[in-house]
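Written below as structure tokens is the structure these notes are about.
Every chain is numbered from 1, with letters handed out A, B, ... down the list of sequences.
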2 protein chains.
Amino acid sequence: MRPVDELCEALREQGLKVTPQRRLIFEALRDSPNHPSAEDVYHLVRDVMPDMSLATVYHTLDHLVTMGELVQLDLGEGKSRYDTYTNGHFHLVCQGCREVLDIAGDPDCADLMPTETSGYQIDRCEVVFYGHCPDCQA
Amino acid sequence: MRPVDELCEALREQGLKVTPQRRLIFEALRDSPNHPSAEDVYHLVRDVMPDMSLATVYHTLDHLVTMGELVQLDLGEGKSRYDTYTNGHFHLVCQGCREVLDIAGDPDCADLMPTETSGYQIDRCEVVFYGHCPDCQA
DNA sequence: ATGGGTGCAAAAGTTTTGCATTCCC
DNA sequence: GGGAATGCAAAACTTTTGCACCCAT
């Protein structure tokens, strides 16, 4: 994800508007530990702007995903998480505490790319390792 | 997923019971095209046993997943799909029609396995390619 | 001024849960 | 007989949508 000011500029270029809510969501994403859910972002921004609506958070996250500034992750939790690090990489998920780690990996998954793709045009790949962190191995 | 009779035996071994509903769900999974959702399974079994409850389907699928006879897939659709082919392999998803193809791939993801795992014990990995099938490339 | 954005509430969709009844072992 | 399973309905959750009002451009 690019710096907040560049995101605002990118919004304008698309005819979208820069509102205080969106700016705040951008900042929350930038400062958020890692891989927050929509609800996580919502709670962060509510501390600063208590009237912010969850629908606004969802709309803004959708825009960022469409713009390619944010990656939507589905890690089998029944809800989405969002990743500001958009360069291709892998994830490692603890099945105990649900912590998510970024892992270096070939962005294009060139090594994995199947030879027989049944005519499919492949856009991207997602690699997730599931396991248990040191604390959850007990 | 093993044959229906073996699944029934496996249930009994765990102190679980073999009911007509569960047998039917096993058969539906065995005969189902590929990667059905809970709702898909529900509709298949309703044709034979109209009083079957969706909760029963969910409970039974959960047991199979826990027993390692079924793999639960999260492909970012807001719902789970289930895969009877439990040997490690990859998936290719069409973002247009949501068709899901099985793709051969190293079950252990040995080539991908990160060297630095921060002390994590890794249980399994999931590789999903997203793209467009021939029909949806228009 | 105008078209997009916001907040609120309701709706939609999937999955879980509580509970009385039924049934496998 | 006893414990698990079932069916039903309600609840829990995440995400989407409709709409009246507001605001960035």
Which donor-acceptor pairs under 3.5 Å do the side chains of residues 97-105 of chain A make with protein atoms, sequence neighbours left out?
from	atom 1	to	atom 2	distance (Å)
A:Arg98	NE	A:Glu77	OE2	3.1
A:Arg98	NH2	A:Leu75	O	3.2
A:Glu99	OE1	B:Tyr120	OH	2.7
A:Asp102	OD1	A:His35	NE2	2.9
A:Asp102	OD1	A:His89	NE2	2.8
A:Asp102	OD1	A:His91	NE2	3.1

Fill in: Distance, rounded to the nearest Å, where A:Leu61 contributes CG and D:dT15 contributes C1'
12 Å
Worksheet, complete the sentence: Apart from A:Leu44 itself, its cluster of hydrophobic side chains linked below 4.5 Å comprises none
Fill in: By side-chain contact (heavy atoms from CB on, under 4.5 Å) - contacts of A:Glu13 (at least two apart)
A:Glu9
Worksheet item: Tell me, which of residues 73-84 of chain A have any heavy atom that sits under 4.0 Å from an atom in DNA chain D?
Response: A:Gly78, A:Lys79, A:Ser80
Practice prompt. Please answer whether the main-chain N or O of B:Lys17 pairs with a side-chain N or O of B:Arg22 as donor and acceptor at a distance below 3.5 Å.
Written response: yes
Response to the item:
salt bridge (charged side-chain N to carboxylate O under 4.0 Å, His left out) pairs touching residues 65-76 of chain B, sequence neighbours excluded, are B:Arg2-B:Glu69
Response to the item:
The salt bridge (Lys or Arg N to Asp or Glu O under 4.0 Å) partners of A:Arg46 (sequence neighbours excluded) come to none
Worksheet item: With a 4.5 Å limit on heavy-atom distance, are the side chains of B:Glu39 and B:Lys79 in contact?
Response: no
Worksheet entry | Outermost DNA chain C nucleotides near chain A [under 4.0 Å, heavy atoms] | C:dG3 to C:dC8
Worksheet item: Residues two or more places apart in sequence or in another chain: which of them pass side-chain contact (heavy atoms from CB on, under 4.5 Å) with B:Arg30?
Response: B:Met1, B:Val4, B:Glu27
Worksheet entry | Watson-Crick or G-U pairs under 3.5 Å in DNA chain C, rendered as dot-bracket with [ ] for crossing pairs and | for another strand | |||||||||||||||||||||||||
Practice prompt. Could you note down all residue pairs passing ring-ring contact (aromatic ring centres under 6.0 Å, His included) where residues 38-70 of chain B supplies at least one of them, sequence neighbours left out?
Written response: none
Can I get a per-line list of side-chain donor-acceptor pairs under 3.5 Å for residues 125-138 of chain B, giving both atom names and the distance, sequence neighbours left out?
from	atom 1	to	atom 2	distance (Å)
B:Glu126	OE2	B:Arg124	NH2	3.4
B:Gln137	NE2	A:Gly119	O	2.9
B:Gln137	NE2	B:His132	O	3.0

Practice prompt. Could you check how far CG of A:Leu11 sits from C1' of D:dC23, rounded to whole Å?
Written response: 15 Å
Worksheet entry | Summary of protein contacts for nucleotides 2-8 of chain D, nucleotide by nucleotide, where a base hit scores B, a sugar-phosphate-only hit scores S (4.0 Å, heavy atoms) | BBSSSBB
